There are 2 protein chains.
Amino acid sequence: MPPLDKRHCFSVHCPSRLLFDQIADKWSMMVLTVLDPGPARFNEIKRNLQGVTQKALTQCLRRLERNGLILRRVIPTSPVGVEYEITPLGRSLQGPFKALYIWTLQNLAEVDRARAEFDTRNGGGGSAAAKAA
Amino acid sequence: MPPLDKRHCFSVHCPSRLLFDQIADKWSMMVLTVLDPGPARFNEIKRNLQGVTQKALTQCLRRLERNGLILRRVIPTSPVGVEYEITPLGRSLQGPFKALYIWTLQNLAEVDRARAEFDTRNGGGGSAAAKAA
DNA sequence: CCGTATCCGATCCGATACTG
DNA sequence: CAGTATCGGATCGGATACGG
């Protein structure tokens with residue numbers, strides 16, 4: 001794999017641009033993390049993702065399934081059961097995700113400092129809208 | 001750094017949850033990549049991010065600045081100039097971002113295959129809405 | 001040149017209700 | 001249990017106009 005070009009230019013049709021949006025969202029990262037130890041049922045996943053709505057989780061799982069990152073298996077029991085499981089492709093994404101997750105943990109403090117300083121410099125004599133961003 | 005827990009639970013107040021949303025968006029990744037070789041002016045960045053609007057880029061740069069990932073320096077020339085530069089904190093994020101970028105390049109083909117198969121299984125006899133997701 | 005302000009359509013998102 | 005359907009509010013994002 002080649003290193004990133006100097007002053008890399010991202011064309012509109014750059015494939016990674018489109019893919020990045022699909023896979024790099026908050027819920028997807030969390031779902032892949034929760035499924036890491038093994039398959040899990042819908043509500044089991046939901047319980048581990050505090051605050052996610054049924055709709056958001058369903059959409060997220062569909063997208064993950066469509067992109068080949070997880071597998072959906074229906075268990076024909078009396079009330080229907082569904083199990084979700086990571087695919088090998090999904091596992092290959094855990095490394096990059098974990099790197100990002102660890103970065104957030106390691107640098108959270110410094111980011112907070114930077115934010116406080118920024119808000120003092122700017123929001124100090126102005127609107128509080130800056131913090132809302 | 002500890003390994004991720006088994007069946008990791010993401011509480012609502014998990015700091016990495018909030019931070020992830022802020023830093024893992026498409027434009028931020030591209031800006032950090034474009035700034036990698038060295039500082040750049042506003043329109044210089046804009047030219048390298050085909051399709052970004054002035055508003056979106058401004059918002060993105062502000063957020064990056066607020067989070068301490070880039071530095072904004074005003075050059076007092078006749079028409080005002082502004083230079084953006086990566087901070088050490090920003091540089092530390094390039095590694096994780098690059099890992100994700102490389103993943104998209106390496107697995108784009110397989111994701112496309114998975115999508116095609118999914119759309120055949122589902123959208124085959126139904127709505128075309130699935131592809132729009 | 002580098003923004004901010006405003007408007008407006010598209011989209012997301014949660015809450016709710018309903019089904020096999 | 002695991003969804004789908006629908007609706008209204010919030011938010012995003014582009015286009016345009018204007019200011020330092």
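Order of the sequence lines sets the chain letters (A, B, ...), proteins ahead of strands, with each chain counted from 1. Being a predicted model, the structure only gives us computed values, none of them experimental.
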**Asked** Between A:Arg113 and A:Glu117, is there a side-chain N and carboxylate O pair less than 4.0 Å apart?
**Response** no

**Length of the line joining A:Glu65:CD and D:dG3:C1', which is rounded to integer Å** = 13 Å

**Request:** Send over the distance from B:Asp25 CG to D:dT11 C1', rounded to a whole Å.
**Result:** 15 Å

**Message:** Output the rounded distance in Å from CD1 (B:Ile75) to C1' (C:dG3).
**Reply:** 15 Å

**Nearest-Å distance for atom pair CZ/P, residues A:Arg73 and D:dG3** = 14 Å

**Asked** So which one's nearest nucleotide on DNA chain C is more toward 5', B:Glu44 or B:Lys55?
**Response** B:Glu44

**Asked** Relative to the 5' end of DNA chain C, which residue comes earlier, A:Thr53 or A:Val80, by the nucleotide with the nearest heavy atom?
**Response** A:Thr53

**Prompt:** So, does the side chain of B:Gln54 form a donor-acceptor pair with the base of D:dG14 at under 3.5 Å?
**Reply:** no

**Request:** Answer yes if B:Val111 and B:Leu105 sit in the same cluster of Ile, Leu, Val, Met, Phe, Trp and Tyr residues linked by side chain heavy atoms under 4.5 Å apart, and no otherwise.
**Result:** yes

**Request:** Starting at atom NZ of A:Lys46, determine the distance to atom P of C:dC13, rounded to an integer number of angstrom.
**Result:** 15 Å

**Request:** Quickly work out the B:Arg63 CZ to D:dT11 C1' distance and round it to whole Å.
**Result:** 14 Å

**Message:** Could you check whether any side-chain heavy atom of B:Trp27 comes within less than 4.5 Å of a side-chain heavy atom of B:Leu61, counting everything from C-beta outward?
**Reply:** no

**Prompt:** Of B:Trp27 and A:Val82, whose nearest nucleotide on DNA chain D comes first from the 5' end?
**Reply:** A:Val82

**Prompt:** For B:Glu83 and C:dG3, what is the distance between atoms CD and P respectively, to the nearest whole Å?
**Reply:** 12 Å

**Prompt:** At under 4.0 Å, does any side-chain N or O of A:Arg62 touch on OP1 or OP2 of D:dT4?
**Reply:** yes

**Prompt:** Would you say the side chains of A:Gln94 and A:Arg91 form a donor-acceptor pair under 3.5 Å?
**Reply:** yes

**Prompt:** Could one point to a donor on the side chain of B:Gln59 or the base of D:dG13 with an acceptor on the other under 3.5 Å away?
**Reply:** no

**Request:** May I ask you to evaluate whether B:Arg72 reaches the phosphate of C:dG3, defined as a side-chain N or O under 4.0 Å from OP1 or OP2?
**Result:** yes

**Prompt:** Does OP1 or OP2 of C:dC2 have a side-chain N or O of B:Arg41 closer than 4.0 Å?
**Reply:** yes

**Asked** Given C:dC1, is OP1 or OP2 found less than 4.0 Å from the side-chain N or O atoms of B:Tyr84?
**Response** no

**Request:** Could you tell me whether a side-chain N or O of A:Asp25 sits under 3.5 Å from a main-chain N or O of A:Asp21, the two making a donor and an acceptor?
**Result:** no

**Item:** Interatomic distance where NZ belongs to A:Lys26 and P belongs to D:dT11 [whole Å]
**Value:** 14 Å

